[in-house]
Amino acid sequence: MSDYFNVADIFGENVFSDAVMLERLPKKVYKKLHEVMDEGQELDLATADVIAHEMKEWAIEKGATHYTHWFQPLTGFTAEKHDSFITAPMENGKVLMSFSGKELIKGEPDASSFPSGGLRATFEARGYTAWDCTSPAFVRQDAAGATLCIPTAFCSYTGESLDQKTPLLRSMEAINEQALRLLRLFGNTTSKKVTPSVGPEQEYFIVDRAKYLKRKDLIFTGRTLFGAMPPKGQEMDDHYFGAIRERIAAYMRDVNKELWKLGVTAKTQHNEVAPAQHELAPIYAECNVAVDHNQLTMETLKKVAGRHGLQCLLHEKPFAGVNGSGKHNNWSITTDDGINLLDPGETPHENIQFLLVLTCILKAIDEHALLLRASAADVGNDHRLGANEAPPAILSVYLGDQLGDVLNQLISTGAATHSLEGERLETGVKTIPDFMKDATDRNRTSPFAFTGNKFEFRMVGSKDSVAKPNIVLNTIVAAAFSEACDVLEKADDFDLAVHDLIKKYAVEHQRVVFNGDGYSDEWVEEAARRGLANVKSMVDAIPAYVAPESVEAFEKFGVFTKTELESRVEIEYETYAKTINIEARAMIDIVSKQIIPAVIKYTTVLGNSIQIVANACPQADTQVQSELLTETSALLAETQKALAELKKVTDQGGAMAQGKEQAVFYRDVVKAAMDALRAPVDKLEMIVDKDLWPMPSYGDLIFEV
């Protein structure tokens with residue numbers, strides 16, 4: 001093939017990686033930078049100047065003309081301001097290309113134009129971006145040329161976090177400190193750093209771009225606001241893991257190539273359950289790097305789609321009636337010398353350190369379930385969570401048979417004496433070798449499932465940053481570790497104290513463990529008996545951020561101040577109301593300008609045909625045409641009435657003061673009016689001539705890619 005490439009040759013070629021730094025930086029500078037990265041020391045300006053110069057030279061060799069501080073404001077997306085490397089012209093008319101350590105370390109975007117939740121007034125414009133040297137810089141190549149991108153944190157002039165990266169880094173420091181305390185209690189004196197590792201699986205839909213551009217709802221909101229189900233959906237399960245169509249395979253190939261150049265370890269790709277739905281999964285990376293890589297993945301999925309005449313849809317529920325998209329956040333904790341704290345080993349019942357870590361996590365999830373649920377709250381996710389396709393909105397933990405049995409032993413007798421072992425799987429086919437199966441099955445209905453040496457948090461929405469759930473996970477587990485260490489560090493008999501503490505946590509927090517079918521009605525009833533909350537709406541989830549126990553945990557480790565949390569609550573309510581407002585106004589626009597005119601045209605044609613037939617042949621039977629005209633006219637009247645009501649309540653919502661009351665109004669009143677308008681329109685789609693219907697159908701979008 002003419003476009004053949006070797007993955008090993010291109011992987012990371014556009015990343016200012018450790019290997020590149022080792023090659024290009026003076027040894028003293030390289031060592032200093034690693035001290036900053038590994039030990040949290042401060043980077044002096046002289047060292048930064050050397051790094052900046054070499055970074056610039058490397059980027060220019062890649063074709064870069066500009067650099068940008070690449071950051072993640074509270075919009076859910078990334079942001080960047082580009083500056084060229086040129087300086088003032090010299091006397092001979094030429095320019096110098098320069099990039100200083102100061103420019104590398106600090107940038108100054110306008111902080112007043114990003115969501116701040118009241119932290120910044122309109123006239124208070126100053127904000128700062130600060131280099132996150134633990135996430136490597138990279139060169140992004142696209143139609144604009146090549147740009148050096150420097151991952152940064154973003155904060156206000158007064159020091160409050162205005163982004164996802166800053167609290168994420170704070171939370172990583174918190175779990176590092178508390179996990180090291182725990183390891184020291186078990187005699188580990190060699191591990192120097194503990195880092196949460198994350199592997200976020202990314203689901204997405206792909207549709208034809210020409211069809212996408214004929215759907216105003218997809219353009220404005222990312223999801224279809226109208227659409228009748230086609231004769232076939234996903235009921236045959238034939239798309240899941242099916243053969244990938246050539247057009248999509250070519251697209252995936254280019255996505256992988258782009259990601260590999262950026263050092264993103266894109267590993268797995270396959271068709272998902274719904275037609276036109278797919279998944280991409282990477283290998284694990286350190287938490288902040290994984291968050292950056294997931295943002296790059298989403299950007300790349302969208303960018304490359306355009307080159308293939310396709311459109312990538314990252315919304316959690318772009319199509320009603322088929323599965324929506326999520327983002328499974330696979331989370332574990334590892335040391336710098338390769339120890340995975342979530343590895344149970346061959347005999348988990350004897351692994352006391354693992355059992356303490358495990359029961360601390362159960363404690364963290366149980367005590368902060370509402371906060372973890374809030375971390376996955378999103379307007380689009382409200383369409384998905386709790387449906388028969390995604391985890392329910394009830395937080396529970398799946399441990400599987402092996403760990404579940406160990407936990408039951410701890411609860412019933414106070415000690416675990418054995419662990420269930422995997423059995424040989426016999427296929428019954430002589431030519432297929434038998435093999436040992438795992439001691440534990442997987443449970444796709446669980447929102448927080450143990451899957452061997454990690455936990456998989458399955459609630460996260462497909463278009464959301466994975467920063468929020470990992471900030472929460474890191475912080476609440478750090479809090480649980482801290483409380484355990486406070487007890488054990490004072491114990492006279494450590495072995496006895498740790499066994500007692502493991503049993504105590506197992507007994508007190510067993511209610512959050514559930515290994516059954518999370519989709520069943522019985523579980524909803526059982527969860528209520530256990531006292532587990534079922535929070536189905538983003539609006540109801542938001543207050544968890546400022547609950548006393550949340551504020552206490554975040555402030556204890558310096559992850560968030562109460563003021564920062566209050567600002568995020570304000571932003572969340574505002575985001576919810578604005579999103580529903582945009583959807584409602586898009587529906588009003590589409591129905592007023594496209595649907596009603598198309599239906600009127602259809603009824604006019606139908607009425608004229610009835611009249612023509614009657615005039616030409618008075619004895620002809622026009623009952624079918626007349627019934628169609630009557631039904632269509634009735635649905636049109638229902639549409640017009642629902643449209644008027646949606647206009648009224650949308651205007652009412654827009655006139656309200658921003659905050660919880662407005663968000664509740666949009667959820668309870670405006671969304672109900674939207675549903676009332678969609679119902680007759682979807683029925684009309686099944687009646688009106690396809691040539692007259694003003695937009696591609698579901699069948700056109702999800703089956704003709």
Side-chain angles (χ1 to χ4, degrees), residues 211-231 233 315 317-322 379-380 382-383 577-611 622-655 665-702:
K211 296 185 176 98
Y212 163 86
L213 291 173
K214 294 178 181 178
R215 297 276 319 208
K216 285 187 177 182
D217 48 2
L218 283 177
I219 293 171
F220 291 134
T221 73
R223 75 178 183 101
T224 53
L225 301 171
F226 303 101
M229 277 299 295
H315 194 284
K317 194 73 172 180
F319 303 103
V322 297
V379 190
D382 278 4
H383 297 283
K578 284 182 175 179
T579 302
I580 301 300
N581 181 67
I582 292 169
E583 291 184 349
R585 295 198 180 279
M587 291 186 83
I588 291 167
D589 182 80
I590 293 167
V591 171
S592 300
K593 297 177 181 178
Q594 293 183 277
I595 303 296
I596 288 179
V599 176
I600 289 175
K601 186 173 183 179
Y602 173 75
T603 55
T604 301
V605 171
L606 189 58
N608 288 341
S609 68
I610 293 172
Q611 189 62 46
T622 58
Q623 181 181 351
V624 173
Q625 295 95 316
S626 297
E627 289 177 353
L628 275 175
L629 181 58
T630 299
E631 182 181 4
T632 305
S633 298
L635 288 170
L636 180 59
E638 184 182 343
T639 299
Q640 181 62 36
K641 180 180 179 182
L643 175 63
E645 177 64 17
L646 181 58
K647 286 180 179 178
K648 183 183 79 173
V649 298
T650 302
D651 288 342
Q652 289 175 353
F665 181 85
Y666 272 99
R667 181 194 64 187
D668 295 345
V669 179
V670 177
K671 278 189 69 177
M674 290 167 62
D675 293 340
L677 179 55
R678 176 169 184 159
V681 171
D682 286 357
K683 291 177 183 176
L684 283 167
E685 184 181 348
M686 300 301 293
I687 298 173
V688 175
D689 189 331
K690 182 174 175 58
D691 292 336
L692 295 177
W693 196 251
M695 62 186 73
S697 68
Y698 271 22
D700 298 331
L701 287 164
I702 63 178

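These numbers were taken from a predicted model, which means no experiment stands behind them. What's counted below: heavy atoms across the whole structure, side chains too, no hydrogens, waters or symmetry copies.
Residue pairs meeting the side chain to side chain donor-acceptor pair (under 3.5 Å) criterion with at least one partner in residues 631-642, sequence neighbours excluded, are absent.
In this view, K578 and E574, Q658 satisfy the side chain to side chain contact (heavy atoms under 4.5 Å, CB included) rule, not counting sequence neighbours. F319 pairs by the ring pair (Phe, Tyr, Trp, His ring centres under 6.0 Å) definition with F205, Y698, not counting sequence neighbours.
Using a 4.0 Å cut-off between a side-chain N of Lys or Arg and a carboxylate O of Asp or Glu, K690 and D700 qualify as a salt bridge. Electrostatic pairing of R223 and D217 does not count as a salt bridge here, judged by no charged N lying under 4.0 Å from a carboxylate O. Taking the charged nitrogens against the carboxylate oxygens, D691 and K601 have no contact shorter than 4.0 Å, which rules out a salt bridge.
Looking at heavy atoms from C-beta onward, Q623 lies in side-chain contact with E627 at the 4.5 angstrom threshold. In this structure, the side chains of I595 and M695 come closer than 4.5 Å at one or more pairs of heavy atoms.
Using modelled atom types, one side-chain atom of T603 and one backbone atom of I600 make a donor-acceptor pair closer than 3.5 Å. With Y666 contributing its side chain and G654 its backbone, the two residues share a donor-acceptor pair below 3.5 Å.
Contact detail for A320 and T224: the closest heavy-atom pair is N-OG1, 4.4 Å.
For K214, the NZ atom sits in a loose shell: 12 or fewer heavy atoms of surrounding residues, nucleotides or ligands are nearer than 6.0 Å.
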